[in-house]
Amino acid sequence: MTKKVALVTGASSGIGEATARQLQKAGFIVYGAARRTDRMSDLAASGVRTLPLDVTSETSVGDAVAGIIAAEGRIDVLVNNAGYGSYGALEDVPMEEARAQIEVNVFGLARLTQLVLPHMRAQHSGTIVNISSMGGRFATPLGAWYHASKYAVEGLSDALRLELKRFGIDVVIIEPGSIRTDWGAIAAGRLRATSSDGPYAEQADAMATSLERSSRPGNRMASPATVIGKAVTKAATARRPRTRYRVGFGASPLIFLSRLLPDRTFDALVKRSSGVPA
């Protein structure tokens, strides 16, 4: 039986790396992609096939997909995980940075999906897994552009699911909660650099501290990246995967409360849990 082939973006660390390992463990031929292949030496040593990929480069995404098709003849699972969190008060964030956030988190995802879809349609099967966030269902302070990008991923994925059903292609959204990776510390660093001075400084300090907390080893209020890798693998191997998987600390209850509570009541809850002054 021909092994199925998976492409995982942002595979150099965190959720992407954990997902690549879990898919390989499940029997997939896995291609782990990231901008810097030197950060994937351990993955390569374990048998994951690594390749350079910058999702904002037309040449890079085209070469990556063409190379996999030339080597394997198919792509069965695409995991769109590459992305980052741009935090800072809307008033402070330069529009160049805002565009970069959307370019990576939305347009990069969309372009790679465009290039993979003709091959999935030809084989009348495939699974697109888009890594969103619980932050694609509700917002936290000073994360306007990050949340805008993840809300866009949610809408794009819902529309795509409707388009692709007739071709035998599934579209799955993963909505992680708080996960112990470097993501929180990196986002906090961007936030401090952007809004640590001026009228938003107090909010920025509180929110940055909250973001940093998720990256601390042993933090009980964050889940390991492996829980996301397992959820992606479950979706990729299911005969009829769910449309959404809410995984990791806080995801299910907070998304539920965001739909149940009045907006201002939920706003107060988010601020209190983030330590941000009212």
Side-chain angles (χ1 to χ4, degrees), residues 3-56 60-61 64-65 67-68 71-72 75-85 104-105 108-109 112-113 116 127-135 146 150 153 172-190 211-212 214-219 222-237 245 247-249 251:
K3 277 192 170 186
K4 290 189 174 182
V5 178
L7 169 59
V8 181
T9 68
S12 59
S13 64
I15 288 173
E17 179 183 359
T19 297
R21 292 186 185 278
Q22 290 290 335
L23 286 169
Q24 184 192 43
K25 185 178 178 181
F28 286 83
I29 296 172
V30 180
Y31 283 80
R35 285 182 301 170
R36 292 184 55 178
T37 55
D38 61 296
R39 294 184 178 179
M40 297 187 287
S41 56
D42 288 345
L43 268 186
S46 73
V48 172
R49 302 172 190 193
T50 61
L51 73 164
L53 176 64
D54 178 352
V55 297
T56 67
S60 183
V61 293
V65 172
I68 295 172
E72 311 295 344
I75 296 176
D76 298 281
V77 177
L78 169 62
V79 183
N80 283 309
N81 168 69
Y84 72 101
V104 173
N105 288 11
L109 174 154
L112 188 55
T113 301
V116 167
T127 304
I128 306 290
V129 181
N130 291 332
I131 306 298
S132 179
S133 169
M134 63 179 178
Y146 171 70
K150 291 303 184 180
V153 168
V172 174
I173 304 169
I174 306 291
E175 296 171 335
S178 182
I179 305 296
R180 283 195 302 275
T181 68
D182 291 338
W183 185 94
I186 294 170
R190 290 180 179 275
L211 288 166
E212 287 165 344
S214 68
S215 294
R216 292 173 188 164
N219 177 23
S223 300
T226 52
V227 302
I228 307 300
K230 289 176 181 177
V232 172
T233 302
K234 183 177 181 179
T237 55
Y245 292 78
V247 190
F249 186 88

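All values below were derived from every heavy atom in this structure, side-chain atoms included, with hydrogens, water molecules and symmetry-related copies excluded.
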(message) If I compare all heavy atoms of Val104 with all of Gly83, which pair ends up nearest, and what's the gap?
(response) CG1-CA, 3.8 Å

(request) For the residue pair Val153 and Ser132, establish whether any side-chain heavy-atom pair is separated by less than 4.5 Å. (result) yes

(request) Report the residue from Val129, Val48, Val79 that forms a side chain to side chain contact (heavy atoms under 4.5 Å, CB included) with Leu23. (result) Val79

(message) Show every salt bridge (Lys or Arg N to Asp or Glu O under 4.0 Å) that has at least one partner inside residues 22-41, sequence neighbours left out.
(response) Arg36-Asp38

(request) Can you measure from CG (Leu78) to OG1 (Thr113) and round to the nearest 0.5 angstrom? (result) 5.0 Å

(request) Might you point out which heavy atoms bring Ala34 and Ala11 nearest each other, and give the distance in Å? (result) CB-N, 4.1 Å

(message) Is it the case that the side chain of Thr50 and the backbone of Ala44 share a donor-acceptor pair, with hydrogens and angles ignored and the cut-off at 3.5 Å?
(response) no

(message) With heavy-atom distances below 4.5 Å as the criterion, would you say the side chains of Ile131 and Asn80 are in contact?
(response) no

(message) Tell me whether Gln24 contacts the main-chain N or O of Leu43 through its side chain, where contact means a donor paired with an acceptor under 3.5 Å.
(response) no

(request) Please tell me if the side chains of Asp42 and Arg21 come closer than 4.5 Å, counting only heavy atoms from C-beta onward. (result) yes

(request) With the side chain counted from C-beta on, respond yes when Tyr84 and Ile186 share a heavy-atom pair under 4.5 Å apart, and no when they do not. (result) no

(message) Return the CG to CG distance between Leu51 and Leu7, rounded to the nearest 0.5 Å.
(response) 6.5 Å

(request) Any chance you could measure Thr127, atom OG1, to Ile75, atom CD1, to the nearest 0.5 Å? (result) 12.5 Å

(message) I'd like to know if the side chain of Ser223 and the backbone of Gly248 have a donor-acceptor N/O pair within less than 3.5 Å.
(response) no

(request) Check whether any side-chain heavy atom of Tyr31 lies under 4.5 Å from a side-chain heavy atom of Val5, and answer yes or no. (result) yes

(message) Give me the atom names and distance for the closest heavy-atom approach of Ser60 to Pro52.
(response) OG-O, 4.0 Å

(message) Do Thr237 and Phe28 make a side-chain contact, defined as non-hydrogen atoms from C-beta onward lying under 4.5 Å apart?
(response) yes

(request) Drop me the distance from Ile29's CD1 to Asp76's CG, to the nearest 0.5 angstrom. (result) 9.0 Å

(request) State plainly whether the residues Arg49 and Glu72 are in salt-bridge range, i.e. N to O under 4.0 Å. (result) yes

(message) I'd like to check Tyr245 versus Lys234 (side-chain heavy atoms, cut-off strictly below 4.5 Å). Are they in contact?
(response) yes

(message) Return the CD1 to CE distance between Ile179 and Met134, rounded to the nearest 0.5 Å.
(response) 8.5 Å

(message) Using only atom types and a distance under 3.5 Å, with no angle test, would you say the side chain of Thr9 pairs donor to acceptor with the backbone of Ala82?
(response) yes

(request) Answer whether the closest heavy-atom distance between the side chains of Val61 and Leu53 falls below 4.5 Å. (result) yes

(message) When you measure from the side chain of Ser215 to the backbone of Arg180, do you find a donor-acceptor pair of N or O atoms at a distance under 3.5 Å?
(response) no

(message) Tell me whether Ser214 contacts the main-chain N or O of Ser178 through its side chain, where contact means a donor paired with an acceptor under 3.5 Å.
(response) no

(request) For residues Gly14 and Thr181, report the shortest heavy-atom separation together with the two atoms involved. (result) CA-CG2, 3.9 Å

(message) Using 0.5 Å steps for rounding, measure from the CD1 atom of Ile174 to the OG atom of Ser133.
(response) 12.0 Å

(message) Would the distance check show the side chain of Asn130 and the main-chain N or O of Ile173 forming a donor-acceptor pair, the cut-off being under 3.5 Å?
(response) no

